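Below is one structure, written out as structure tokens; comments come after it.
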Amino acid sequence: MSVEILASVMNEEPDDLIQRMRLESDAVIINQCQRLGYEERKQGEYRIRFYSFPERGVGRSRNEAILRAAGDICLFSDGDIVYEPGYGAAVEEEFLCNPDADMILFNVTVEEERRTYHITERRKVHWYNCGRYGAVSFAVRRESLLSSGVTFSLLFGGGAKYGSGEDSLFLKEFMDKGYSVYTAPVTIAREVSEGSTWFQGYNEKFFRDKGVLYRYLYGRMARVMALRFLLAHRDRLCREVPLGQAYRWMKAGD
């Protein structure tokens, strides 16, 4: 069983990126930049394929990586992720121990302010709690991924109309098609914060975009889930915007 990183990055050079991310597996890197090109590197026994495209959008670049994936297990990533030693073996072990899992979600350490989840046990993921996980936590069997036909939305995420949520939509669509997703209390990487290309604070656009996302995710339950989200995270989300106003903006996006 082989593990392969599928990474979406911007304006990177292969050698610097490989060392910074501490890659210990095969990888497909989609580099959003001003040129079109292909380079290949060897990192020990592993092959790093580095594609450069002028097109923008995290959803588009993740889909480009899926088209080129060759590993048994695909692990989505970004350019600000640094992997723990032995991450490939840790991911492989979880899949060997859970043959029913089509996808397993892992811990990636982030700053407390940005943390949306922390996995403490192995359990199945359901529709009502899938919105908290970022794509960099996803490890998926390539066979299941390709047979599902699921791809990342081009409407949501960095470089798209709506600021974020492509990962949540991907995960829910994957589960809606009958594929099994589980969590694992194993930390495989950490995020080195470099600032967001889309996040400009908890402002009107943030809440309206989130409202649109919740309509896609939860349908008729969107407003209930929006209120649940705001109440659960009000100390962080509503420091400058009153909860009532945030909720009105989310409903307007619904």
Side-chain angles (χ1 to χ4, degrees), residues 3-4 6 8 57-69 71-78 91 94-95 97-108 116-119 121-185 198 207-230 232-233 250-251 253-254:
V3 172
E4 184 173 52
L6 305 184
S8 169
V58 67
R60 183 186 301 275
S61 59
R62 292 203 196 286
N63 292 340
E64 294 284 0
I66 291 171
L67 290 173
R68 294 160 176 81
D72 299 313
I73 305 298
C74 297
L75 185 58
F76 291 105
S77 189
D78 292 326
V91 169
E94 289 296 322
F95 277 94
C97 291
N98 189 352
D100 293 332
D102 295 295
M103 181 189 293
I104 298 178
L105 311 182
F106 292 86
N107 281 322
V108 174
T116 58
Y117 77 96
H118 180 70
I119 298 166
E121 58 186 317
R122 292 173 177 84
R123 63 192 314 176
K124 196 166 187 178
V125 178
H126 300 280
W127 68 269
Y128 53 81
N129 63 0
C130 69
R132 69 186 67 178
Y133 302 101
V136 297
S137 70
F138 298 178
V140 57
R141 296 186 194 272
R142 183 171 61 93
E143 182 178 324
S144 299
L145 174 59
L146 297 181
S147 66
S148 75
V150 176
T151 57
F152 285 90
S153 172
L154 303 186
L155 278 176
F156 294 83
K161 180 177 180 179
Y162 303 110
S164 66
E166 79 290 348
D167 33 23
S168 301
L169 291 168
F170 180 94
L171 185 56
K172 183 165 187 298
E173 184 179 355
F174 189 72
M175 292 190 299
D176 284 347
K177 291 195 172 185
Y179 294 88
S180 298
V181 179
Y182 292 84
T183 58
W198 65 268
F207 291 111
R208 286 182 180 271
D209 285 4
K210 191 69 75 173
V212 176
L213 172 64
Y214 272 42
R215 175 164 54 84
Y216 277 86
L217 276 177
Y218 303 119
R220 290 178 297 178
M221 292 289 293
R223 295 189 177 189
V224 173
M225 298 301 285
L227 185 58
R228 174 177 176 263
F229 166 71
L230 291 171
H233 304 286
M250 286 191 72
K251 289 193 295 181
D254 176 13

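This chain uses plain numbering: 1 for the first residue, then up along the sequence. Everything numeric here is computed off the predicted structure, so don't read it as measured data.
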*asked:* Can you confirm whether Phe229 sits close enough to Lys210 that some side-chain heavy atom of one is under 4.5 Å from a side-chain heavy atom of the other?
replied: yes

*Looking only at heavy atoms, which two atoms of Lys177 and Gly149 are closest? And how far apart?*
NZ-C, 4.4 Å

*Do Leu217 and Leu169 have side chains that get closer than 4.5 Å, going by heavy atoms?*
yes

_Distance in Å, Met250 CE paired with Met225 CE, rounded so as to fall on 0.5 Å steps_ = 10.0 Å

*Smallest separation among heavy atoms of Gly59 and Leu154, with atom names*: C-CD2, 3.9 Å

*Pairwise distance NZ(Lys251) to CG(Leu227) - rounded to 0.5 angstrom*: 9.0 Å

*Would you call Glu143 and Arg141 a salt bridge, using N to O less than 4.0 angstrom?*
no

*Minimum heavy-atom distance between Glu121 and Thr183, given as atom pair plus value*: O-OG1, 2.9 Å

*Heavy atoms of other groups near Arg68 CZ, more than 12 under 6.0 Å*: yes

*Does atom NZ of Lys161 have more than 12 heavy-atom neighbours from other groups under 6.0 Å away?*
no

_Where Asn107 and Tyr117 come nearest, the two heavy atoms and their spacing_ = OD1-CE1, 3.5 Å

*Tyr218 vs Tyr214 aromatic rings, parallel, tilted or perpendicular, using cut-offs 30° and 60°?*
perpendicular

*asked:* For Arg142 versus Gly71, what's the shortest heavy-atom pair and its separation?
replied: NE-O, 2.8 Å

*Got Leu171 and Leu105 here, is their nearest side-chain heavy-atom distance under 4.5 Å?*
yes

_Between Phe152 and Phe76, ring centroids under 6.0 Å_ = yes

*Just how far is it from atom CG of Leu146 to atom SG of Cys74, taken to the nearest 0.5 Å?*
7.0 Å

*asked:* Under a plain distance cut-off of 3.5 Å, with no hydrogens placed, do Tyr216 and Ser168 share a side-chain donor-acceptor pair?
replied: no

*So do the side chains of Glu94 and Arg122 get within less than 4.5 Å of each other, counting heavy atoms only?*
yes

*Can you name the nearest heavy-atom pair linking Val125 to Tyr182, along with the distance?*
CG2-C, 4.2 Å

*Atom pair CG/CG of Asp78 and Leu6 - distance to nearest 0.5 Å*: 11.5 Å

*Test log, rule side-chain contact (heavy atoms from CB on, under 4.5 Å), inputs Phe170 and Val150*: CA-CA 7 Å; Phe170 180 94; Val150 176; 3.6 Å; yes

*For the residue pair Phe156 and Val58, establish whether any side-chain heavy-atom pair is separated by less than 4.5 Å.*
no

_Heavy-atom side-chain contact between Phe95 and Val140 under 4.5 Å_ = no

*Spatial distance of atom CG (Leu145) from atom OH (Tyr179) [nearest 0.5 Å]*: 9.0 Å

_Nearest 0.5 Å, please: how far is OG in Ser8 from CZ in Arg60?_
11.5 Å

_Using the rule side chain to side chain contact (heavy atoms under 4.5 Å, CB included), only one of Leu75, Ile104, Asp167 pairs with Phe138; which is it?_
Asp167

